[in-house]
J.: 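Pasting in a structure now, in structure tokens, and then I'll have a few things to ask.
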Amino acid sequence: MDDSNYLFPIGMRILAVDHDPTCLQVLENLLQTYQYHVTTTNEGITALAMLQENKDNFDLVIIDVHIPDMDGFKLLELVGVEMNLPVIMLSACHDTKLVMKGISHGACDYLLKPVRLEELKNLWQHVIRRKNPRGVVWSVELHRKFVAAVNHLAIDKAVPKKVLNTMNVENITREDVASHLQKYRLYLKRISCIANL
DNA sequence: AGAGTAATAT
DNA sequence: CATATTACTC
């Protein structure tokens with residue numbers, strides 16, 4: 001069984017803003033492989049107008065920093081802070097300062113071009129996070145990495161910190177793993193109980 | 001201090 | 001129910 005059929009957020013509405021038509025097209029294609037519902041524009045003004053008309057029309061916004069008609073960070077603030085929508089920033093340059101500026105202005109994430117398909121896979125978690133105060137969503141994919149890590153270490157050596165390191169996943173904490181590990185052990189116990197009957 | 005885990009809270 | 005947080009131990 002592959003892992004391509006568990007993604008729930010089919011049709012999640014994304015507004016993508018990038019002044020470069022080629023990049024925009026590429027981004028749209030990537031997003032559509034996950035069956036997101038994508039709206040594109042190459043103007044910041046237009047994006048803002050669309051959002052102001054009804055911000056509930058979108059679940060997530062992706063903004064390229066370099067849009068000629070307005071400051072990308074200004075747009076980030078307007079959308080992220082005032083409209084309270086999750087915003088992903090995007091740029092071609094690997095300038096750490098820009099990345100930090102993006103994050104400090106409220107971006108959920110900061111992608112660097114070229115964007116890889118893999119990086120878009122977990123976009124929906126940003127949306128979930130808005131609706132669900134609980135931070136970590138143990139998607140099938142994430143759980144898989146967890147199980148792989150536990151198996152890689154011997155089961156009796158699988159403690160939160162080691163599992164976390166072995167998983168090599170950003171944005172989750174030792175506590176998150178500990179909590180999941182607790183649940184996983186209960187699950188294993190249940191399984192072995194049933195097996196021994 | 002920092003980590004692991006059982007218990008408890010949300 | 002799943003995940004987070006607490007409380008206790010070492």
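Owing to the predicted nature of the structure, the values given are computational and were not obtained by experimental measurement. Values below: every heavy atom of this structure, side chains too, minus hydrogens, waters and symmetry copies. Numbers restart at 1 for each chain; the letters A, B, ... are given by sequence-line order, proteins then strands.
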J.: In whole angstroms, how far is the C1' atom of dC1(C) from the NE2 atom of His180(A)?
T.: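 It is 14 Å, rounded to the nearest whole Å.
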J.: Among all residues two or more places apart in sequence or in another chain, which pass the side chain to side chain donor-acceptor pair (under 3.5 Å) test with Asp176(A)?
T.: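 Once residues adjacent in sequence are excluded, the partners of Asp176(A) under the side chain to side chain donor-acceptor pair (under 3.5 Å) criterion are Thr173(A).
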J.: Return all side-chain donor-acceptor pairs below 3.5 angstrom for residues 14-24 of chain A, not counting sequence neighbours, or 'none' if the list is empty.
T.:
residue: Asp18(A); atom: OD1; partner: Asp20(A); partner atom: N; Å: 2.9
residue: Asp18(A); atom: OD2; partner: Lys113(A); partner atom: NZ; Å: 2.8
residue: His19(A); atom: ND1; partner: His66(A); partner atom: O; Å: 2.9
residue: Asp20(A); atom: OD1; partner: Thr22(A); partner atom: N; Å: 2.8
residue: Asp20(A); atom: OD1; partner: Cys23(A); partner atom: N; Å: 3.3

J.: Applying side chain to side chain donor-acceptor pair (under 3.5 Å), can you list everything that pairs with Arg13(A), at least two apart in sequence or on another chain?
T.: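 If we apply the side chain to side chain donor-acceptor pair (under 3.5 Å) test to Arg13(A), skipping adjacent residues, the hits are Asp59(A).
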J.: Mind calculating the distance between CD (Glu175(A)) and P (dT5(B)) to the nearest angstrom?
T.: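 Going from CD in Glu175(A) over to P in dT5(B) covers 13 Å.
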J.: Kindly give the heavy-atom pair with the smallest separation between Ala149(A) and Met167(A), and that separation in Å.
T.: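 Ala149(A) and Met167(A) have their closest heavy atoms at CB-CG, 3.6 Å.
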J.: Find every protein N or O atom lying less than 3.5 Å from an N or O atom of nucleotides 7-10 of chain C, and list the pairs.
T.:
none

J.: Could you go through nucleotides 6-8 of chain B and list every protein N or O atom that sits under 3.5 Å from one of its N or O atoms, giving the distance for each pair?
T.:
residue: dA6(B); atom: N7; partner: Gln182(A); partner atom: NE2; Å: 3.4
residue: dA7(B); atom: N7; partner: Gln182(A); partner atom: NE2; Å: 3.0
residue: dA7(B); atom: N6; partner: Gln182(A); partner atom: OE1; Å: 2.8

J.: Quickly work out the Ile172(A) CD1 to dA2(C) P distance and round it to whole Å.
T.: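 Between P of dA2(C) and CD1 of Ile172(A): 18 Å.
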J.: For Gln25(A), which residues count as a side chain to side chain contact (heavy atoms under 4.5 Å, CB included) partner, sequence neighbours excluded?
T.: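 Glu28(A), Asn29(A).
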J.: What is the distance, rounded to the nearest whole Å, between atom CZ of Arg190(A) and atom C1' of dC1(C)?
T.: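 Rounding to the nearest Å, CZ of Arg190(A) and C1' of dC1(C) are 12 Å apart.
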J.: Send over the distance from Tyr184(A) OH to dC1(C) C1', rounded to a whole Å.
T.: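 Tyr184(A) atom OH is separated from dC1(C) atom C1' by 19 Å.
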J.: Just to verify, what does Lys183(A) make a side chain to side chain contact (heavy atoms under 4.5 Å, CB included) with, not counting sequence neighbours?
T.: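 With sequence neighbours excluded, Lys183(A) shows a side chain to side chain contact (heavy atoms under 4.5 Å, CB included) to His180(A), given in chain and number order.
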J.: Pairs in or reaching into residues 147-165 of chain A: which pass side chain to side chain donor-acceptor pair (under 3.5 Å), with residues at least two apart or in two chains?
T.: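 Every pair satisfying side chain to side chain donor-acceptor pair (under 3.5 Å) with a residue in residues 147-165 of chain A: there are none.
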J.: Applying ring pair (Phe, Tyr, Trp, His ring centres under 6.0 Å), which residue pairs with at least one partner in residues 82-123 of chain A are found, sequence neighbours left out?
T.: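 Listed by first then second residue: Phe73(A)-His105(A).
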J.: Would you indicate whether the side-chain heavy atoms of Leu117(A) and Tyr34(A) approach each other to under 4.5 Å?
T.: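 Yes, at least one pair of side-chain atoms sits under 4.5 Å.
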J.: Please report, to 0.1 Å, the donor-acceptor pairs under 3.5 Å made by any side chain of residues 43-54 of chain A, with sequence neighbours excluded.
T.:
residue: Glu43(A); atom: OE1; partner: Thr46(A); partner atom: OG1; Å: 2.8
residue: Asn54(A); atom: OD1; partner: Asp56(A); partner atom: N; Å: 3.0

J.: Which residues in residues 151-170 of chain A have at least one heavy atom lying under 4.0 Å from any atom of DNA chain C?
T.: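 Per residue number, the list is empty: none.
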J.: Quick one: Arg174(A) CZ to dT5(C) P, roughly how many Å, whole number?
T.: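 Answer to the nearest Å: 13 Å.
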J.: Could you name each residue pair satisfying salt bridge (Lys or Arg N to Asp or Glu O under 4.0 Å) that touches residues 185-197 of chain A, not counting sequence neighbours?
T.: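 As it turns out, there is no salt bridge (Lys or Arg N to Asp or Glu O under 4.0 Å) pair with a partner in residues 185-197 of chain A once direct neighbours are skipped.
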J.: Side chain of Lys183(A) only, please: which of dG4(B), dA4(C), dA2(C) is the nearest?
T.: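 Out of dG4(B), dA4(C), dA2(C), the nucleotide with an atom closest to Lys183(A)'s side chain is dA2(C).
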